[in-house]
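For reference, the structure discussed in these notes is given below.
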Amino acid sequence: MTSKIHRKIILLSFLTNILIVIYSLRAISAQIFPITKSIDCPSGEGKFDHRYYFNVQFNSNSCVIQFHYNISKSLNNSKAIRVCVESDKADETYPLLFVIKQQLGIISWQLPLTLSAEHQYNRVCRTLCPIWNYGKFFDGNQQLTLDVSTSAREVVDVDLTLTQQDDFFIEADKHYKFNATPSEPEYFEATFPENVDLLVISIFSNDDVCAVVSIQPIGCPVYDLDKDVQFNGSYQTMTRKAGFTLRAKDFDGRKFYIIFVVKAIDKACSRGMETLSKQLKTTTGRRHKEFDVSMKNKMSKTEYYLATLGAISVFIVFYIISLTISVIYLVKNYNREDDSPMPTMAADTERTMQIVDHGNPPPRYGAINQMDPETSAENAIDSPVSPDDIGSGLDENEYDSLPDADSDKNVLRTKTFLYVSDLARKNCKSLERKSKLYIYIMLIVAIFYGLPVAQLVVTYEQVLHVTGNEDICYYNFLCTYPLGPISDFNHVFSNVGYVLLGFLFIGLVWRRDLLHHQNIALDDQYELYYGIPRHFGLFYAMGLALIMEGVLSGCYHICPNYSNFQFDTAFMYMIAGVCMLKIYQTRHPDINASAYASFLAFAFVIVIGVGGVLYGTSLFWVIFAVIYPLSCLALSAQIYYMGRWRLNFGIFKRIYLTMKTDLMSESRCFRPMYMDRMLLLMFVNAINWAITAYGLVYLPRDFASYLLAIFITNLMMYVGFYIIMKIRSKEIILWLPKLYIALSTVTWAFAIYLFFQGNTSWQLSPAQSRAKNRPCILLNFYDDHDVWHFVSAAGLFFSFMILLTLDDDLVHTPRDQIPVF
């Protein structure tokens with residue numbers, strides 16, 4: 001009995017020890033591997049347009065605060081949802097995390113929001129992608145869940161609001177104003193109205209805060225953050241203005257988003273570190289930007305055709321008027337030849353043949369009177385008389401009758417006073433071939449220059465469409481009309497005037513050339529020995545240059561930007577240069593510059609122009625200010641001495657002898673031998689040195705336009721000098737060139753006014769250039785620059801016609817009576 005009790009006691013003790021060990025092991029394991037008890041986190045039904053204040057912190061239960069929002073079917077397709085959260089105590093080390101879950105998408109962000117690596121924002125607002133834009137997979141009723149969590153050990157206060165955005169849809173012909181900040185981007189949905197294929201979206205702002213505006217196709221997610229807004233659709237940086245021209249065919253369902261993102265700093269909208277450093281100071285604190293947005297129908301197809309065909313029709317009128325004038329002149333000359341033939345034709349022809357063929361000029365050719373040479377020259381201009389009158393009052397000993405005067409150009413060209421016959425002694429066919437070289441070289445330059453230009457700008461256009469970066473091209477975005485792959489067709493098309501008028505001018509020159517050769521074939525002595533020698537090569541080159549100016553300007557406007565502006569000016573330089581060469585050739589046919597030397601000089605000018613655009617540093621301007629005045633002096637010496645001047649090591653001795661004999665001699669007393677030429681060259685050099693000094697002082701960034709201004713200024717001075725000298729020589733300016741002079745003056749005055757309006761500027765950043773954009777002013781299709789194209793094309797045509805017709809009054813004047821100036 002006792003043994004049984006002992007066995008029970010031992011068994012009980014054993015069981016007790018086992019239980020003690022089990023409980024001990026459990027306690028130890030509980031300390032090493034604690035068991036988390038499931039606790040329900042705070043959650044509840046959220047209400048739209050209700051502001052929630054609550055606290056959140058990290059706890060051992062890893063709790064996440066949740067809000068559930070029910071989206072009824074009635075809300076679909078009518079209102080968007082916008083979430084705004086704010087917390088002043090949110091810390092970058094332990095940020096607040098927000099996650100919104102929808103049926104087909106998720107969006108997340110954190111507070112504080114850090115932008116541009118250093119700017120933090122404690123308030124964030126985001127518009128949720130509308131559920132109806134996720135595609136066909138969403139149901140009628142939706143539930144939205146918003147999770148808020150943090151790793152912060154301390155309590156963080158949160159301000160949360162979900163609102164229904166009533167103005168999410170933008171309609172045409174209405175204005176919408178709203179504000180946005182870097183942490184509160186905005187976007188809206190828009191739809192093309194019925195029967196509208198083109199829409200223009202105009203965006204304005206009254207401040208210079210930098211922003212990005214993007215047009216994106218409908219879909220989810222929406223790229224509305226500073227870091228991803230450039231990933232979809234097309235976009236522009238802006239300060240005060242932006243604009244988009246949209247085509248309905250480019251968007252599925254004719255719908256699209258308009259996204260507005262304010263940048264934390266202004267770097268994207270500025271160019272140059274000085275500007276940037278000033279603007280960076282304004283980025284501290286709260287940045288906000290007010291937008292004014294409107295959307296309207298661009299134009300109908302009928303208006304589109306009317307604008308394009310109307311421009312062509314205007315220039316067709318030029319063809320009709322030119323044809324009418326040509327017919328009038330043809331009838332008038334035909335009647336004059338039938339009714340009143342020239343009575344002195346035979347005598348004049350016999351005398352002229354003697355002059356040219358036998359080299360036995362009348363006494364006036366090389367005569368040096370006993371009176372002062374300058375006085376003699378002035379008298380020769382003021383009182384032109386026939387050679388027969390001259391011979392009766394002079395003795396053979398009063399002029400040089402050496403035979404080398406007929407062949408030695410040094411003797412002829414250094415005479416005190418020259419006539420066209422002195423500088424038209426070379427073989428006519430040789431001079432004609434020399435003149436035609438300008439056409440061939442101009443055509444070669446046009447092909448080899450134009451093809452790479454076209455290829456480059458087409459590549460730019462393709463890059464624009466692929467990347468959506470509309471900062472690549474400097475358009476006037478408030479007046480752009482696309483056509484096919486060309487984004488800015490109206491600015492390309494407005495160059496049609498240069499092309500049409502260039503062909504018209506070539507046609508008018510060809511008509512004169514054809515009549516000239518027909519008269520030569522008929523042995524017309526007036527064509528051979530009277531009037532200004534007729535060489536048409538430079539005229540053809542002028543017409544071809546005008547055509548190429550239109551082509552290259554059109555290429556440039558496919559995608560105008562900082563790196564290809566010289567395409568628009570290259571042939572402007574050539575036009576101005578060829579016109580000056582033509583004016584000089586008119587009365588200096590034997591000593592005009594060759595085509596090879598001329599185009600080599602043009603090439604050098606283009607190189608200088610590109611260098612000034614790309615490397616317009618102070619050093620460049622100093623070098624230019626040294627080279628250009630020296631070039632002007634060298635050219636002046638060439639003109640003053642009629643090509644009998646050479647640049648070599650003997651130049652200093654020749655300058656000394658010239659000063660001694662021409663200027664410092666007792667008889668002349670600082671009076672040059674060729675007064676008219678000297679006065680012109682002194683005036684021209686003074687103007688050019690003044691222009692050089694201006695550039696050196698102000699360092700204009702637009703060097704291409706500065707260089708073009710030099711060419712235009714010199715051309716205007718030369719044309720003015722030629723007309724003044726023509727009047728001084730008592731030559732008659734006929735009514736037709738007078739008409740062209742008047743038309744050219746009016747059109748150029750208007751064109752210069754339009755040119756300085758400036759709708760864009762590649763010298764600035766894209767956003768700063770866009771601030772200059774203006775709406776269309778003509779037919780709702782053309783802006784100021786387009787009208788500049790039209791008017792300047794007409795101005796160039798009228799200027800060319802001045803040069804073509806200015807000396808028509810000398811057709812029946814012997815060349816030994818036409819002075820050289």
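Both backbone and side-chain heavy atoms feed into the values below; hydrogens, waters and symmetry mates do not.
- With no hydrogens or angles considered, no side-chain donor-acceptor pair links D568 and H557 at under 3.5 Å.
- Proximity of I818 to E731: side-chain heavy atoms (C-beta onward) are separated by under 4.5 Å at one or more points.
- Aromatic pair F565/Y556: ring centres closer than 6.0 Å.
- Side-chain atoms of S792 and Y498 form a donor-acceptor pair, as typed in the model, at a separation below 3.5 Å.
- Shown here for L500 and Y319, the closest heavy-atom pair between the two residues is O-OH, 2.6 Å.
- A heavy-atom distance below 4.5 Å is not found between the side chains of V787 and Q757.
- Counting only N and O atoms by type, the side chains of H516 and E432 include no donor and acceptor under 3.5 Å apart.
- Considering every non-hydrogen atom in both L581 and A593, the closest pair reads CD2-CB, 4.0 Å.
- A distance below 6.0 Å separates the ring centres of F790 and Y782.
- Between the side chain of S435 and the main chain of L431, no donor-acceptor pair closer than 3.5 Å is present.
- Between the side chains of Y438 and S598, at least one donor N or O lies within less than 3.5 Å of an accepting N or O.
- Side-chain contact annotation: S705 with D702, donor-acceptor N/O pair under 3.5 Å present.
- For F602 and F599, the ring centers sit closer than 6.0 Å to each other.
- A donor-acceptor pair is defined here as one N or O able to donate and one able to accept, closer than 3.5 Å; no such pair exists between the side chain of E461 and the backbone of C559.
- A side-chain donor-acceptor contact under 3.5 Å links S494 and D786.
- When only modelled atom types and interatomic distance are considered, D513 and Y540 share a side-chain donor-acceptor pair under 3.5 Å.
- For the 3.5 Å distance criterion, the side chains of S769 and T760 fail to qualify, holding no donor opposite an acceptor.
- Side-chain rings of Y304 and F781 approach one another, their centers coming within less than 6.0 Å.
- Scanning all heavy atoms of the two residues, the minimum distance from Y449 to A570 falls at OH-CB, 3.5 Å.
- A perpendicular orientation is assigned to the rings of H785 and H789, their planes being inclined by more than 60° (bins at 30° and 60°).
- Relative to the ring axis of F477, K241 does not place its NZ or CZ within 45° and under 6.0 Å from the centre.
- Under the 4.5 Å side-chain criterion, counting only non-hydrogen atoms from C-beta, F571 is in contact with M442.
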D808 and R512: salt bridge (charged side-chain N to carboxylate O under 4.0 Å, His left out), yes or no, with the steps?
CA-CA 12 Å; D808 284 354; R512 289 199 172 212; 2.8 Å; yes
